[in-house]
Amino acid sequence: MDQQLDVSKLSEADKKELNQFLTNEAQKSAIQQNVHHLADVCWKKCITGSISSGRLNGSEEACAQNCVERWMDTNISVLKHLENLRGQ
């Protein structure tokens, strides 16, 4: 059953709600892509051996934690800069 909705028949309120839903879903997708990218980068940088015990060794865990923290610091810095630019 491949049904398509005729968007032109929606009320303005429904169109606005649908648009907001799609915007929210796009934002969720972008966040998920960023998290996956972060995990991939930090994994490749920090996990150097095999994980036989089900846990990272001490140096891998410290590296991964530092990698995530630096990534978060960078993103916060970029967001603040963009916010400042938008305010000008």
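Please read all numbers here as calculations on a predicted model, not as lab measurements.
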Partners passing salt bridge (charged side-chain N to carboxylate O under 4.0 Å, His left out) against K80 (at least two apart in sequence or in another chain) = none

ask   = Under the salt bridge (Lys or Arg N to Asp or Glu O under 4.0 Å) rule, what pairs show up with a residue in residues 39-54, not counting sequence neighbours?
value = D40-K44

key: Pairs satisfying salt bridge (Lys or Arg N to Asp or Glu O under 4.0 Å), at least one member in residues 22-38, at least two apart   = E25-K28

note = Residues at least two apart in sequence or cross-chain that pass side-chain hydrogen bond (donor to acceptor under 3.5 Å, both in side chains) with S8, listed by chain then number, are D6

Qualifying residues under side chain to side chain contact (heavy atoms under 4.5 Å, CB included), relative to S50, sequence neighbours excluded = none

ask   = Who are the side chain to side chain contact (heavy atoms under 4.5 Å, CB included) partners of Q27, not counting sequence neighbours?
value = T23, N24

ask   = Which pairs pass salt bridge (Lys or Arg N to Asp or Glu O under 4.0 Å) with one or both residues in residues 14-24, sequence neighbours excluded?
value = E12-K15

What pairs of donor and acceptor atoms, side-chain ones from residues 55-79 against any protein atom, are under 3.5 angstrom apart with sequence neighbours left out?
{"residue": "N57", "atom": "OD1", "partner": "S59", "partner atom": "N", "Å": "3.1"}
{"residue": "N57", "atom": "OD1", "partner": "S59", "partner atom": "OG", "Å": "3.0"}
{"residue": "N57", "atom": "OD1", "partner": "E60", "partner atom": "N", "Å": "2.8"}
{"residue": "E60", "atom": "OE1", "partner": "N57", "partner atom": "N", "Å": "3.1"}
{"residue": "E60", "atom": "OE2", "partner": "T48", "partner atom": "N", "Å": "3.1"}
{"residue": "E60", "atom": "OE2", "partner": "G49", "partner atom": "N", "Å": "3.2"}
{"residue": "Q65", "atom": "NE2", "partner": "E69", "partner atom": "OE2", "Å": "3.1"}
{"residue": "N66", "atom": "OD1", "partner": "R70", "partner atom": "NH1", "Å": "2.6"}
{"residue": "R70", "atom": "NE", "partner": "D73", "partner atom": "OD2", "Å": "3.2"}
{"residue": "R70", "atom": "NH2", "partner": "D73", "partner atom": "OD2", "Å": "2.7"}
{"residue": "T74", "atom": "OG1", "partner": "R70", "partner atom": "O", "Å": "2.8"}
{"residue": "N75", "atom": "ND2", "partner": "W71", "partner atom": "O", "Å": "3.2"}

key: Non-neighbouring partners of N34 that pass side-chain hydrogen bond (donor to acceptor under 3.5 Å, both in side chains), sequence neighbours left out   = none

task = Using the test side chain to side chain contact (heavy atoms under 4.5 Å, CB included), find all partners of V41 that sit at least two apart in sequence or belong to another chain.
result = H37

note = Members sharing V35's hydrophobic cluster, built from side-chain contacts under 4.5 Å between Ile, Leu, Val, Met, Phe, Trp and Tyr, are I31

query = Atom CD in E83, atom CZ in R86: separation rounded to 0.5 Å?
reply = 6.0 Å

